[in-house]
There are 2 protein chains.
Amino acid sequence: MTSSAPLSARAVATRQRILDAALVEFAAKGLAGARVDEIAARAGTNKRMLYAYFGAKEALWLTALEAAYAAKRAEEEDLDVAHLPPRAAMARLVAFNLRYTARHPEFVALLNQENLHQAVYLRRSLDVPALYSPLTDMLRDVLARGAEQGQFRADVDALQLYLSIVALGHFTVANRHTLSAIFGQDLGSEAALAAREAHAVEMVLGYLRP
Amino acid sequence: MTSSAPLSARAVATRQRILDAALVEFAAKGLAGARVDEIAARAGTNKRMLYAYFGAKEALWLTALEAAYAAKRAEEEDLDVAHLPPRAAMARLVAFNLRYTARHPEFVALLNQENLHQAVYLRRSLDVPALYSPLTDMLRDVLARGAEQGQFRADVDALQLYLSIVALGHFTVANRHTLSAIFGQDLGSEAALAAREAHAVEMVLGYLRP
DNA sequence: CTCCGAAGTAACTAGTTGGTTACTTCGGAG
DNA sequence: CTCCGAAGTAACCAACTAGTTACTTCGGAG
């Protein structure tokens, strides 16, 4: 069990390096395939300290997962679309989400792994509200404003649309290796991402057309 | 290395039971987390025969993955939309894909795992064309017919649309556990699937509207 | 009934790995 | 400079696991 006393600056730095290294190793190898020695080595520290701070491999996994959710939430909170007209705001939300997953394939990998675990670790998280995406509230607001102004249909299920927006971004990142093996194209290039983003935005806006 | 002589009916049956058991275990635990003893036990056989037929755990993984792709391809080949009007045909393709992944979460799990491996095993497959989905060709045909009849826009990127159709079905299955943990809803119920299907069809058709 | 390959059993090997113990060394605060 | 907690080192343990070996038993074809 980790100490609950406040950590010194040096201790905080070591802990953070372990967490960063864990993110890389868990994203590349999954929980079962990740190696504790490898994480410690990548962090420039040792197993002793890893166990001192995190207690167990599984506890490190959950902390890394929570940190990944928190990082996404923080970027979402910086997203301000309230001042944009509805269509531009919606395009912004779709593009943000697609680009976020493209920039953070490790987040996508962790989600996939946690679903393999049937979200067993996530359910042990004590901070579930922190996992909730502010995107859903922004989406509701933009949908309401769009409908009021006659730019969007009024009968949209916000949860369904949220799932679709996230799906459009998530899927190609999650499957980029098998898709590349089959279609022989690099889906991670800037050109491919730009095409993907344009398509996703058009798809969502096409759906919302009254 | 497995024997290349034709197998007896009994041998074929044992091999198939091992493959079926492997699919379950790999889908639940991933390659690194799966246990060979567990696969053998679930198949009602033993490690000796597993190694006799497959040679190594990784070879079993690739064979299970190829079998999963082949099973999907076989069902896709049974899908006949050529006689349907374009909109109905497109709705059919979208619904088929969404329902296929809902019925086969193990396929989704294997894809996610293979992307974790960066498709290293899939690239060793000697039968890459078998992995190619007939859906893409059907999609091109339906898009062309729809554009000819003025029911679809004419400037659609078929690959982008294919990725989106698959994404709409794949994502909620791939993330059903983390989404349930966060949103507190069972996305696998028939009601949820029906809502998801209706939404996905509307989204694609909305996008295709001229 | 016989025969032989399939199938099964059990022990084994060699290596791996999460986690622990028992120290020594380091680095920053006072 | 001293002190003490952080950090590191190295050996260790116990359990696990992929894969192998050396058999025995089973089951179907002839």
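Quick note on labels: first sequence line is chain A, next is B, and so on, each numbered from 1. Keep in mind the model is a prediction, meaning the values are calculated, not measured.
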> Ignoring hydrogens, what is the shortest heavy-atom contact between A:A40 and A:L50? Give both atom names and the distance.
N-CD1, 4.2 Å
> At under 4.0 Å between heavy atoms, how does the protein contact nucleotides 21-30 of chain C? Give one character per nucleotide, 5' to 3', with B, S or -.
BB----S---
> Would you name the heavy atoms of A:A56 and A:Y51 that are closest together and state the gap between them?
CA-CE2, 4.1 Å
> Find the distance between CZ (A:R15) and CE (A:M49) and round it off to the nearest 0.5 Å.
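If we round to the nearest 0.5 Å, A:R15:CZ and A:M49:CE are 11.5 Å apart.
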> Starting from P on D:dT17, measure out to CD1 on B:I39 and report it in whole angstrom.
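For the pair B:I39 CD1 and D:dT17 P, the rounded distance is 12 Å.
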> Would you say D:dG19 has OP1 or OP2 under 4.0 Å from some side-chain N or O of B:K47?
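Checking B:K47 against D:dG19: no side-chain N or O falls below 4.0 Å of OP1 or OP2.
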> Check the surroundings of atom CZ in B:R92: do more than 12 heavy atoms from other residues, nucleotides or ligands lie under 6.0 Å from it?
no
> Once you round it to whole Å, what is the distance between P of C:dT20 and CZ of A:F54?
15 Å
> Tell me if the centroids of the rings in B:Y207 and B:F152 come within less than 6.0 Å of each other.
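Distance test on ring centres: not under 6.0 Å, no.
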> Would you jot down, in residue-number order, the residues of residues 22-34 of chain A having a non-hydrogen atom under 4.0 Å from DNA chain D?
none
> Are a donor atom and an acceptor atom from the side chains of B:Q113 and B:W61 found within less than 3.5 Å of each other?
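On atom types as modelled, these side chains do not qualify, holding no pair under 3.5 Å.
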> Do any of residues 59-67 of chain A sit with a heavy atom less than 4.0 Å from DNA chain D, and if so which?
none
> Specify the separation, in whole Å, of atom CE of B:M49 and atom P of D:dG19.
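Those two atoms, CE and P, are 16 Å apart.
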> A:R17 or B:D37: which one's nearest nucleotide on DNA chain D is closer to the 5' end?
A:R17
> What protein N or O atoms touch nucleotides 14-16 of chain D N or O atoms at under 3.5 angstrom, if any, and at what distances?
none

> Count the heavy atoms of every other residue, nucleotide or ligand shown that sit under 6.0 Å from CZ of A:R145, and state whether that count exceeds 12.
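Yes, enclosed.
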> Measuring from the side chain of A:N46 (C-beta onward, heavy atoms only), which nucleotide among C:dG8, C:dT20, D:dT9 has the closest atom?
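So the side chain of A:N46 is nearest to D:dT9.
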> Holding to side-chain hydrogen bond (donor to acceptor under 3.5 Å, both in side chains), I want the full list of residues that pass it with B:D20, two or more places apart in sequence or in another chain.
B:Q16
> Quick one: closest heavy-atom pair of A:E25 and A:G33, and the distance?
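Looks like OE2-O, 4.4 Å.
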> State the dot-bracket string of DNA chain D. Criteria: Watson-Crick or G-U wobble, both atom distances under 3.5 angstrom; notation: ( ) intrastrand, [ ] crossing earlier pairs, | interstrand, . unpaired.
||||||||||||||||||||||||||||||
> Write down the distance between CG (B:L50) and P (D:dT20), rounded to a whole number of angstrom.
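Roughly 11 Å, once rounded to whole Å.
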> Looking only at heavy atoms, which two atoms of A:L122 and A:E114 are closest? And how far apart?
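So the two residues come closest at N-OE2, 2.8 Å.
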> Grab the two heavy atoms, one from B:N175 and one from A:H170, that are nearest each other, plus how far apart they are.
ND2-NE2, 3.6 Å
> Any non-hydrogen side-chain atom of A:Y162 less than 4.5 Å from a side-chain atom of A:D157?
no
